[in-house]
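Report on the following structure.
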Number of protein chains: 2
Amino acid sequence: MKIKIGILGYGNLGRGIECAIKQNDDMELAAVFTRRDPASVSILTDNVPVYSVNDVEAHKDEIDVMILCGGSATDLPKQTPEYVKYFNVIDSFDTHAKIPEHFANVDKAAKENGNIGIISVGWDPGMFSLNRLYANAILSDGKDYTFWGRGVSQGHSDAIRRIDGVKDAKQYTVPVDSALEAVRNGENPELTTRQKHTRECYVVAEEGADKARIEQEIKNMPNYFADYDTTVHFISEEELKANHSGIPHGGFVIRCGKTGWNNEHNHIIEYSLKLDSNPEFTSSVLIAYARAAYRLNKEGQNGCKTVFDIAPAYLTSMSGEEIRKNLL
Amino acid sequence: MKIKIGILGYGNLGRGIECAIKQNDDMELAAVFTRRDPASVSILTDNVPVYSVNDVEAHKDEIDVMILCGGSATDLPKQTPEYVKYFNVIDSFDTHAKIPEHFANVDKAAKENGNIGIISVGWDPGMFSLNRLYANAILSDGKDYTFWGRGVSQGHSDAIRRIDGVKDAKQYTVPVDSALEAVRNGENPELTTRQKHTRECYVVAEEGADKARIEQEIKNMPNYFADYDTTVHFISEEELKANHSGIPHGGFVIRCGKTGWNNEHNHIIEYSLKLDSNPEFTSSVLIAYARAAYRLNKEGQNGCKTVFDIAPAYLTSMSGEEIRKNLL
């Protein structure tokens with residue numbers, strides 16, 4: 001019997017989940033739930049229903065794990081504590097500062113209803129968090145570094161699009177090579193925001209717009225760009241479409257630490273991702289944790305969990321014997 | 001109250017454990033057990049007893065977790081199932097082919113006595129295994145690569161030392177850069193043994209020994225060197241001591257995989273280690289899992305476990321709140 005997955009919210013992430021389910025034989029897509037008119041939503045998988053999110057409770061018994069594909073700003077803080085009342089749920093909540101509050105809300109609702117909610121699943125938070133934790137547990141005397149990119153930041157691209165005279169834009173976050181090298185060489189550098197990442201912007205201006213003014217507005221935008229070395233390239237709409245329509249991302253988590261009776265030995269632990277599609281990779285992580293949620297709940301567990309609380313063996317469809325034989 | 005750690009076997013690994021305990025405030029070294037005459041063993045930590053391994057049972061109640069620092073060939077297959085009768089134990093058993101058998105033996109003895117035995121802890125098996133598992137669970141359609149080095153292989157160094165006319169030797173396993181690059185570029189190469197690693201030997205010959213013959217014996221040695229491109233450097237004893245007395249190691253675990261409705265997107269997950277001291281890093285991993293063994297046993301769990309079975313949160317002394325706030 002396959003694990004029946006529901007998708008709530010059918011955007012880039014929802015479509016990524018749909019693709020990931022196709023790659024995992026122990027799962028099937030049971031239904032998609034949308035805030036739009038279900039008749040207007042066409043999905044990739046044959047013979048799977050699309051329902052209104054308003055009817056979700058009626059399908060309580062048809063779904064083993066519901067994957068919540070809403071945004072972290074306004075959707076998930078409400079959706080995850082709400083839907084964990086009816087389902088085991090997974091989300092990719094990524095507002096780092098609000099994780100403790102979100103955890104508490106989901107934990108309460110999950111426990112009251114005997115379900116599992118795994119929050120903040122993806123690659124950061126998610127796989128990067130795991131690697132920070134493992135590396136910290138191993139090298140207790142050390143220093144952490146996280147670099148993001150080269151990849152598209154949706155938030156920064158949106159911020160540029162809101163500028164007057166901008167028709168479209170894509171922003172890439174780029175780690176500074178020399179900073180990465182200094183970290184890898186064990187130099188333990190103290191790095192400012194500016195020294196860690198640069199920002200590369202590809203902008204399509206409206207006809208007749210003042211490009212010099214747009215460039216200044218971008219470069220001086222507080223929080224988003226002012227603390228970075230930013231380059232702005234004005235390109236045509238065709239060029240943006242041809243060369244910048246993907247959603248690649250990635251990054252590096254590095255911990256440098258010392259061991260030895262007199263701290264005489266250095267060690268570097270590095271984890272990196274190079275992703276053609278940020279939402280599809282995130283979806284693949286979500287699907288693995290959906291498997292874990294299903295199994296843990298079958299074992300009688302409930303409450304809110306994060307990637308820190310899940311033993312790795314729960315993530316794979318292989319048996320304990322198989323993973324000890326083939327992967328250990 | 002601190003976690004009381006015992007060390008059984010005081011070689012490079014035992015000393016590494018001793019150093020790692022010093023870095024972890026929630027632990028203390030309770031005793032060292034040796035097969036040698038205890039009076040002949042001098043340890044680094046003040047006021048900690050050294051006992052004969054024959055008396056280990058008498059100290060059953062003084063140790064929360066015993067870390068077994070014997071070798072995988074003959075020590076651990078006997079020691080781990082034996083000592084898990086009295087203690088929670090951790091070992092670094094690394095004979096990959098015999099892990100299923102070792103697991104079964106330890107599991108039986110551990111369950112009969114209500115203790116926990118975590119086997120095959122370190123970096124390979126250990127952290128590399130974990131990264132293979134996570135990457136396989138996420139990218140179900142993909143290919144794994146593990147490269148080792150640049151680092152000292154004790155087994156290969158020993159094999160050279162057994163050749164007639166060799167006074168001393170150190171052997172480095174070195175990953176082939178072009179193979180690593182092909183993997184990172186997502187080319188999914190099929191790599192032979194020779195294409196993945198080279199072997200670099202630094203040899204001190206006895207006076208008057210036939211160096212050409214030694215070099216040929218090394219290069220043609222079956223299993224150890226015959227399948228590799230091997231270089232042999234004859235150096236002086238002083239040079240060996242000055243430049244090759246460390247025990248560095250490391251390596252790379254890479255998984256390349258595809259996602260998307262038509263497998264149109266590529267992803268690369270890479271984990272790498274660059275270690276000044278192989279035994280001290282291994283010890284730091286063992287210590288983190290000793291913490292987990294202690295906690296899991298306090299929760300009432302028992303039996304044999306591997307790194308796959310341990311939720312990451314058990315490895316750190318930080319609380320759930322702290323890790324969610326600081327590392328997620």
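All figures in this text were calculated on a predicted structure; none of them were measured in a lab. No hydrogens, no waters, no symmetry mates; every other heavy atom, side chains included, goes into these values. Sequence lines set the chain letters: A, B, ... in the order given, protein chains first and strands last, and positions in each chain run from 1.
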Gap separating the CG atom of A:Leu133 from the CE atom of B:Met318, nearest 0.5 angstrom: 6.5 Å
Nearest-0.5 Å distance that lies between atom CD1 in B:Ile323 and atom CZ in A:Arg132: 12.0 Å
Quick one: which of A:Met127, A:Arg15, A:Arg291, A:Glu321 has the most heavy-atom pairs under 4.5 Å with chain B, could you say? A:Met127
Partner chain B: residue of A:Val307, A:Asp141, A:Asn266 with the largest heavy-atom pair count (under 4.5 Å): A:Asn266
Picking from [options], which has the most non-hydrogen pairs under 4.5 angstrom with chain A?
| options | answer |
| --- | --- |
| B:Val285, B:Leu286, B:Ile269 | B:Ile269 |
| B:Ser277, B:Ala288, B:Pro125 | B:Ser277 |
| B:Ile99, B:Asn262, B:Asp25 | B:Ile99 |
| B:Gly260, B:Cys19, B:Pro312 | B:Pro312 |
| B:Asp309, B:Asp94, B:Leu44 | B:Leu44 |
| B:Ser284, B:Ser272, B:Ala313 | B:Ser272 |

Below 4.5 Å from any heavy atom of chain B, which atoms of [X] appear? Answer side chain, backbone, both or neither.
| X | result |
| --- | --- |
| A:Tyr289 | side chain |
| A:Asn136 | side chain |
| A:Asn131 | side chain |

Under 4.5 Å heavy-atom distance to chain A, tell me which part of [X] shows up: side chain, backbone, both or neither.
| X | value |
| --- | --- |
| B:Asp124 | side chain |
| B:Leu139 | side chain |
| B:Phe128 | neither |
| B:Leu315 | both |
| B:Asn326 | neither |
| B:Leu130 | side chain |

So with a 6.0 Å cut-off around NZ of B:Lys143, is the heavy-atom count from everything else above 12? yes
More than 12 foreign heavy atoms under 6.0 Å from NZ of B:Lys2: is that the case here? yes
Atom of [X], atom of [Y] and distance for their closest heavy-atom approach:
| X | Y | value |
| --- | --- | --- |
| A:Trp261 | B:Thr45 | CH2-OG1, 3.7 Å |
| A:Ile310 | B:Tyr134 | O-OH, 4.5 Å |
| B:Ser129 | A:Leu328 | OG-O, 2.6 Å |
| B:Arg324 | A:Thr306 | CD-CG2, 3.8 Å |

Is the closest side-chain heavy-atom distance between B:Phe308 and A:Thr316 below 4.5 Å? no
Could you check whether the rings of B:Phe281 and A:His267 sit parallel, tilted or perpendicular, using 30° and 60° as the cut-offs? tilted
Among B:Lys22, B:Glu280, B:Gln23, which residue meets the side-chain hydrogen bond (donor to acceptor under 3.5 Å, both in side chains) test with A:Thr259? B:Glu280
